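Below: one structure, written as C-alpha cells.
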Amino acid sequence: MKIASFNINGVRARIEALTAWLGEARPDVVVLQEIKTVDEGFPREAIEDMGYNVETHGQKGFNGVAILSKYPLEDVTRGLPGDESDEQARWIEATVAATRPVRVCGLYLPNGNPAPGPKYDYKLAWMERLEARARDLLTLEDPAVLAGDYNVIPDPRDAKRPEAWVKDALFLPETRAAFRKLLALGYTDAFRARNQSAGQYTFWDYQAGAWRRDDGIRIDHLLLTPQAADLLSDCRIDKQVRAGEKPSDHVPIWIELDA
C-alpha cells in the first residue's frame with residue numbers, strides 16, 4: 001500500500017498539478033493539507049474519476065485537510081480531540097479498508113509564527129493534543145500512520161541553512177522537543193528509518209530563489225505505529241514535483257507498506 005502526504009497549497013488552484021501527480025505516482029492513499037476550500041468547493045469529481053474515494057474537512061480560504069483512497073474509507077472523524085472550541089480544519093482520520101486495514105490520520109500542524117505569542121502557544125497546545133491522540137492510537141495495537149505537514153524541522157540536517165531558522169517556530173527547541181515526544185512514545189519517522197542523509201527536503205519557499213538554490217527544509221513527515229513500522233518497505237520524497245507547472249511550495253512524501 002502506497003500512502004502519500006502532500007500539502008497542495010490550494011487544491012482548486014492546483015488541481016491539474018495534483019491529478020498529473022496522481023496519474024504518475026499512483027498512490028493508494030493520499031492525505032492533503034491546505035486544501036483552502038469548504039467541503040462543497042472541493043473538486044472531488046476530477047479525483048473520483050481517477051478511482052479515489054474522497055473525504056474532506058474543509059475551511060473557507062485557509063487550512064483544510066482531505067483523504068483520498070482507492071480503498072473504502074471507514075470510521076471517518078474530523079477534528080483533533082481535546083479542544084471543542086478549536087474551529088480550524090487541521091485533522092482528519094479514517095480506516096483504509098484494505099486486506100489489512102490501516103488507520104490513516106492526516107494533519108496540518110499550526111505554523112506558530114510569530115513566536116513567542118498566541119500563535120505559538122496554539123501550536124504547542126495543538127502538539128499536546130496530538131500527543132494524546134497518538135497515545136490513544138498506540139493502545140489499539142494496529143497499523144496507523146500520522147501523515148502530514150507538521151511544520152517542524154526535527155534536526156539541523158533537515159534544513160539547508162539551519163542557522164536561518166533558529167528563532168522560527170518551526171525550529172525552536174520547544175517545537176522539536178514536542179516532536180521528539182511522539183518518537184519517544186514508540187512512533188517511527190518513516191523517512192529517517194530509510195534515509196539518514198542530509199539535504200532531503202519537502203518544502204522550498206517561493207521567495208528568494210529558494211528552489212533554484214535548493215534552500216529547503218524537511219517539514220512533511222509520516223510517523224508510524226510499531227505495527228505500521230513493521231510493514232514499512234520504502235519512503236521517498238517526490239522532489240521533482242516542485243519543478244512542475246504552478247507547483248505547491250511543498251512536494252509529496254510517501255511510504256510503501258507491505259499491507
Side-chain angles (χ1 to χ4, degrees), residues 4-22 24-25 27 30-37 61-65 90 106-117 119-120 123 126-127 147-176 178-179 189-192 194-223 235-255:
S5 175
F6 192 1
N7 181 321
I8 194 62
N9 191 16
V11 68
R12 289 187 295 184
R14 299 185 216 288
I15 186 60
E16 292 183 1
L18 175 59
T19 53
W21 172 74
L22 289 172
E24 180 179 322
V30 184
V31 294
L32 298 177
Q33 303 87 41
E34 282 201 276
I35 62 174
K36 296 183 178 180
T37 179
F62 299 95
N63 305 324
V65 286
R90 295 182 174 276
L107 64 98
Y108 176 44
L109 205 149
N111 177 286
N113 283 302
K119 290 186 177 181
Y120 191 58
K123 181 189 186 94
W126 206 95
M127 294 187 80
D149 176 0
Y150 280 70
N151 272 313
V152 175
I153 305 169
D155 189 83
R157 62 180 165 163
D158 294 313
K160 177 69 172 289
R161 295 180 302 118
E163 68 279 3
W165 298 89
V166 170
K167 296 182 179 181
D168 194 281
L170 279 64
F171 196 54
L172 286 175
E174 297 90 339
T175 302
R176 296 160 62 196
F179 185 82
D189 178 343
F191 187 77
R192 284 303 177 208
R194 302 292 301 181
N195 189 325
Q196 290 293 320
S197 300
Q200 309 293 314
Y201 311 129
T202 62
F203 171 90
W204 297 259
D205 196 281
Y206 290 128
Q207 307 299 319
W211 168 245
R212 177 178 51 81
R213 295 183 291 109
D214 197 25
D215 186 5
I217 52 177
R218 187 177 74 98
I219 57 174
D220 302 86
H221 311 295
L222 295 98
L223 301 190
C235 181
R236 299 191 187 188
I237 297 168
D238 281 350
K239 181 178 180 179
Q240 76 284 353
V241 174
R242 186 63 172 78
E245 187 174 348
K246 201 174 182 180
S248 171
D249 42 8
H250 295 250
V251 296
I253 179 172
W254 53 265
I255 57 173

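In this text, all values refer to a predicted model and were calculated from it rather than measured experimentally.
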Within the 4.5 Å heavy-atom criterion, are [X] and [Y] side-chain neighbours or not?
| X | Y | result |
| --- | --- | --- |
| Ile237 | Asn195 | no |
| Val65 | Ile35 | no |
| Pro110 | Trp126 | yes |
| Phe179 | Leu223 | yes |
| Arg157 | Gln196 | yes |
| Tyr206 | Asn9 | yes |
| Tyr108 | Asp149 | yes |
| Ser248 | Gln33 | no |

Looking at [atom1] of [X] and [atom2] of [Y], how far apart are the two atoms once the value is rounded to the nearest 0.5 Å?
| X | Y | atom1 | atom2 | result |
| --- | --- | --- | --- | --- |
| Ile15 | Ile8 | CD1 | CD1 | 7.5 Å |
| Lys239 | Trp211 | NZ | CH2 | 5.0 Å |
| Ile253 | Arg236 | CD1 | CZ | 12.0 Å |
| Phe6 | Leu32 | CZ | CG | 8.0 Å |

TODO: Test Arg194 against Ile255 for side chain to side chain contact (heavy atoms under 4.5 Å, CB included), laying out the working first.
DONE: CA-CA 10 Å; Arg194 302 292 301 181; Ile255 57 173; over 6 Å; no
What is the minimum heavy-atom distance between [X] and [Y], and which atoms define it?
| X | Y | value |
| --- | --- | --- |
| Ala169 | Lys123 | O-CE, 3.6 Å |
| Ala115 | Leu172 | CB-CD1, 3.7 Å |
| Cys235 | Ala190 | CB-O, 3.7 Å |
| Trp165 | Ala159 | CD1-CB, 4.2 Å |
| Val251 | Tyr201 | CG2-O, 4.2 Å |
| Lys36 | Arg12 | O-NH2, 4.4 Å |

- [ ] Give a yes or no on whether Glu245 atom CD has more than 12 heavy-atom contacts from other residues, nucleotides or ligands under 6.0 Å away.
- [x]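 Check fails, neighbour count at 12 or below.
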TODO: Answer yes or no: are there more than 12 heavy-atom neighbours, outside Glu16 itself, under 6.0 Å from its atom CD?
DONE: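 At most 12 heavy atoms, drawn from other residues, nucleotides or ligands, come within 6.0 Å of this atom.
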- [ ] Scan Val152, Asn113, Leu109, Thr175 and name whichever one has a side chain to side chain contact (heavy atoms under 4.5 Å, CB included) with Leu170.
- [x]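 Testing Leu170 for a side chain to side chain contact (heavy atoms under 4.5 Å, CB included) against Val152, Asn113, Leu109, Thr175 leaves exactly one candidate, Asn113.
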Task: Qualifying residue for side chain to side chain contact (heavy atoms under 4.5 Å, CB included) with Asn151, from Asn7, Leu107, Asn111 - done: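 The residue from Asn7, Leu107, Asn111 that satisfies side chain to side chain contact (heavy atoms under 4.5 Å, CB included) with Asn151 turns out to be Asn111.
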Side chain [X], main chain [Y], donor-acceptor under 3.5 Å:
| X | Y | result |
| --- | --- | --- |
| Lys160 | Arg213 | yes |
| Arg192 | Ser197 | yes |
| Arg218 | Thr202 | no |

- [ ] Could you walk me through whether Arg90 and Phe62 pass side chain to side chain contact (heavy atoms under 4.5 Å, CB included), step by step?
- [x] CA-CA 10 Å; Arg90 295 182 174 276; Phe62 299 95; over 6 Å; no
Open item on the list: Please determine whether side chain to side chain contact (heavy atoms under 4.5 Å, CB included) holds for the pair Phe203 and Asp249, giving the CA-CA distance in whole Å, both sets of side-chain angles, and the decisive distance to 0.1 Å.
Closed with: CA-CA 6 Å; Phe203 171 90; Asp249 42 8; 3.4 Å; yes
Open item on the list: Within the 3.5 Å criterion, strictly below it, is a donor on Trp204 or Asp214 matched to an acceptor on the partner's side chain?
Closed with: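 On atom types as modelled, these side chains qualify, holding a pair under 3.5 Å.
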- [ ] Check step by step if salt bridge (charged side-chain N to carboxylate O under 4.0 Å, His left out) holds for Arg176 and Asp158.
- [x] CA-CA 12 Å; Arg176 296 160 62 196; Asp158 294 313; over 6 Å; no
